Number of protein chains: 2
Amino acid sequence: MKNSAERLTEELNKKGLRPSHQRIKILEYLANHPCHPTAEQVLFEMKKELPTLSKSTVYKTLNAFVEAEMLREITIENNEVRYEYNLADHGHFKCEKCGEVYDFEIDFDISQPEELSGFKINDKNIYFKGVCKSCLKKKQNI
Amino acid sequence: MKNSAERLTEELNKKGLRPSHQRIKILEYLANHPCHPTAEQVLFEMKKELPTLSKSTVYKTLNAFVEAEMLREITIENNEVRYEYNLADHGHFKCEKCGEVYDFEIDFDISQPEELSGFKINDKNIYFKGVCKSCLKKKQNI
DNA sequence: TATTAATATAAACTTATTATTAAATCAAAC
DNA sequence: GTTTGATTTAATAATAAGTTTATATTAATA
C-alpha cells in the first residue's frame, strides 16, 4: 500500500475533514487502486469491507473529497460521474464493450487555441472511446 | 443560409429519413447556427417557429439524426447531452458562468499514446472548462 | 463526559428520456 | 380528386436512475 491509513488520516485532517473509518477506507481504496469508479461501484466494492456502508455516506464522502480537491470527477458518459485519486493531467479511454476506463499520458500543454484567447481555462479533459485490447482479443477467439 | 431547406431535404432523403416539416426545420436550425443545444433548448428555440412541437418529437428527431450520422452528440456535463451539426474534429469549451459552449480548433492527430497500443479508437473528445471572455469582462465591470 | 460531526436507513426527489396512443400528415394508387 | 396505408407527430403518462434529504443513531473529538 503506497498510501497508508496513517498518511491518508493526516491528509484528511489537513483538509479539515474528520478522519472517520468510512472516509479513510474509501480514500484508501481510491488511492491504492488505479480505478475510476462511479458512486455505485464504490458502494458495491466497499460493502465488502464495510457491510453497513450506506449510499448517502458514499455520495457525501465523494462530494466532500472532490470539494477538498482530494479526488477528481470525470465525465465521459452523460449518465455517470466517475471519481479518481490521480489528480495529474492525463487522458481517459473508455471501452465501449466492457466499460473499463483506462488512463493514458498525453501532452496537455497544448498551446492555447486562438479561439480561446482571453478565456480563463480551469479544467482540461481528453477522453477517447473505442474497444480495448482485451475486448478485441476476446472477439477474435469467438 | 448556407444550408437551404432544399439541400437539407435532399440530405434527409439520402439518409432514408422522410423530410417532414419538423425534421427540416430542426436540421436547418442546427445546420445554420454554430450552437450546441440540449434537447430541451432545441424544443424551446423551435417552439417559436413550430408552436405545436412536442418533446417526444425533438428527442426522436435528434436521436434519428445522430443515428444517421448527421449530428454529433457531445458530453461535457454528466446531466445533459448536447447536439451539433459540425462533424469535423474540434474541441469544446464550456463556460462555467453562462453555460455557453464554444468551439475551438485543436490538433486531434495526436500520436496514439503508448498505453493504448492495440486499442481501437472510435471517438476522440477534448473539452475545456472555465470562464469565457464575455463573462470575465462582465465581472470586471461590477 | 459533553459536544459535535458523521453515518445508516428509508423514502423522496429530480430530471432526462422513453412509451403509448390517438390524431395528423404524406405518398401512392385508384 | 379520393381513398388507402404507412409514417410521423403531439400529448400525456410512465420510466428509470442517480442523487439528495430527514431523522435517529452512532462515532469522534475536546
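Computed from a predicted structure; not experimentally measured. Below, chains carry the letters A, B, ... as their sequence lines are ordered, and counting in each starts from 1.
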Enquirer: Among the nucleotides D/dT9, C/dT9, C/dT7, which one has an atom lying closest to any side-chain atom of A/Ser54?
Expert: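 Of the candidates, C/dT9 comes closest.
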Enquirer: Once you round it to whole Å, what is the distance between P of D/dT9 and CD of B/Glu49?
Expert: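 For the pair B/Glu49 CD and D/dT9 P, the rounded distance is 15 Å.
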Enquirer: In whole angstroms, how far is the P atom of C/dA6 from the CG atom of A/Leu12?
Expert: 11 Å
Enquirer: Reading DNA chain C from 5' onward, which residue's closest nucleotide shows up sooner: A/Gly16 or B/Val81?
Expert: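 Looking at the nearest nucleotide for each, A/Gly16 comes out on the 5' side.
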Enquirer: Counting side-chain heavy atoms from CB outward, which of C/dT18, D/dT8, C/dA8 is closest to B/Ser20?
Expert: D/dT8
Enquirer: Identify which nucleotide among D/dT9, C/dT18, D/dT19 has an atom closest to any side-chain atom of A/Ala39, counting heavy atoms from C-beta outward.
Expert: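 Nearest to the side-chain atoms of A/Ala39, counting from C-beta on, is D/dT19.
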Enquirer: Between A/Lys120 and B/Glu96 (salt bridge meaning N to carboxylate O under 4.0 Å), is one present in this structure?
Expert: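 So A/Lys120 does not pair with B/Glu96 through a salt bridge.
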Enquirer: Provide, to the nearest angstrom, the distance between the CG atom belonging to A/Leu43 and the C1' atom belonging to D/dT19.
Expert: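 One finds 13 Å between C1' of D/dT19 and CG of A/Leu43, rounded.
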Enquirer: So, A/Glu11 and A/Arg7, do they make that salt bridge, N to O below 4.0 Å?
Expert: yes
Enquirer: Give the nucleotide from the list D/dA22, D/dT29, D/dT9 with an atom nearest to the side chain of B/Arg23.
Expert: D/dT9
Enquirer: So, is A/Ser56 close to the C/dT7 phosphate, meaning a side-chain N or O under 4.0 Å from OP1 or OP2?
Expert: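 So the side chain of A/Ser56 is outside the cut-off, no N or O lying under 4.0 Å from OP1 or OP2 of C/dT7.
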Enquirer: Answer yes if the ring centres of B/Phe119 and A/Tyr102 are under 6.0 angstrom apart, and no otherwise.
Expert: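 For B/Phe119 and A/Tyr102, the ring centres are under 6.0 Å apart.
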Enquirer: Nearest to the side chain of A/Lys55, which nucleotide is it out of C/dT7, C/dA8, D/dT19?
Expert: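 That would be D/dT19.
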Enquirer: Of the candidate nucleotides C/dA10, D/dG18, C/dA6, which contains the atom at the shortest distance from the side chain of A/Arg18?
Expert: C/dA6
Enquirer: Could you tell me the separation between the NZ atom of B/Lys60 and the P atom of C/dT18, rounded to a whole number of Å?
Expert: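 Computing the B/Lys60:NZ to C/dT18:P distance gives 11 Å.
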Enquirer: Specify the residue among B/His21 and A/Pro19 whose closest nucleotide of DNA chain D lies further upstream toward the 5′ end.
Expert: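 Looking at DNA chain D, the more 5' nearest nucleotide goes with B/His21.
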Enquirer: With a 4.0 Å cut-off on N to O distance, would you call B/Glu80 and B/Arg82 a salt bridge?
Expert: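 So B/Glu80 pairs with B/Arg82 through a salt bridge.
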Enquirer: Starting at atom CG of B/Leu53, determine the distance to atom P of D/dT8, rounded to an integer number of angstrom.
Expert: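 It works out to 15 Å between those atoms.
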Enquirer: For A/Leu62 and C/dA6, what is the distance between atoms CG and P respectively, to the nearest whole Å?
Expert: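 The answer, rounded to whole Å, is 15 Å.
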Enquirer: Between A/Gln22 and D/dA27, is there a side-chain N or O to OP1/OP2 distance below 4.0 Å?
Expert: no
Enquirer: Whole Å only: how far is the NZ atom of A/Lys25 from the C1' atom of C/dA8?
Expert: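 Atom-to-atom, A/Lys25 to C/dA8, this comes out as 19 Å.
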Enquirer: In whole Å, what is the span from the CG atom of A/Leu50 to the P atom of D/dT26?
Expert: 17 Å
Enquirer: Heavy atoms only, 4.0 Å cut-off, all strands: where does B/Glu80 land among base, sugar-phosphate and nothing?
Expert: nothing
Enquirer: Below 4.0 angstrom from OP1 or OP2 of D/dT19, is there any side-chain N or O of A/Tyr59?
Expert: yes
Enquirer: Is B/Val101 reachable from B/Leu30 through a run of hydrophobic residues whose side-chain heavy atoms are each under 4.5 Å from the next?
Expert: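 Result: no, two separate clusters.
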Enquirer: Can you label the angle between the A/Phe104 ring and the A/Phe128 ring as parallel, tilted or perpendicular, going by 30° and 60°?
Expert: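 Tilted, since the angle between the ring planes falls between 30° and 60°.
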Enquirer: Applying a 4.0 Å non-hydrogen cut-off, can you work out what A/Asn63 is touching in the nucleic acid: base, sugar-phosphate, or nothing?
Expert: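 If one applies the 4.0 Å heavy-atom cut-off, A/Asn63 turns out to touch the sugar-phosphate alone, with no base involved.
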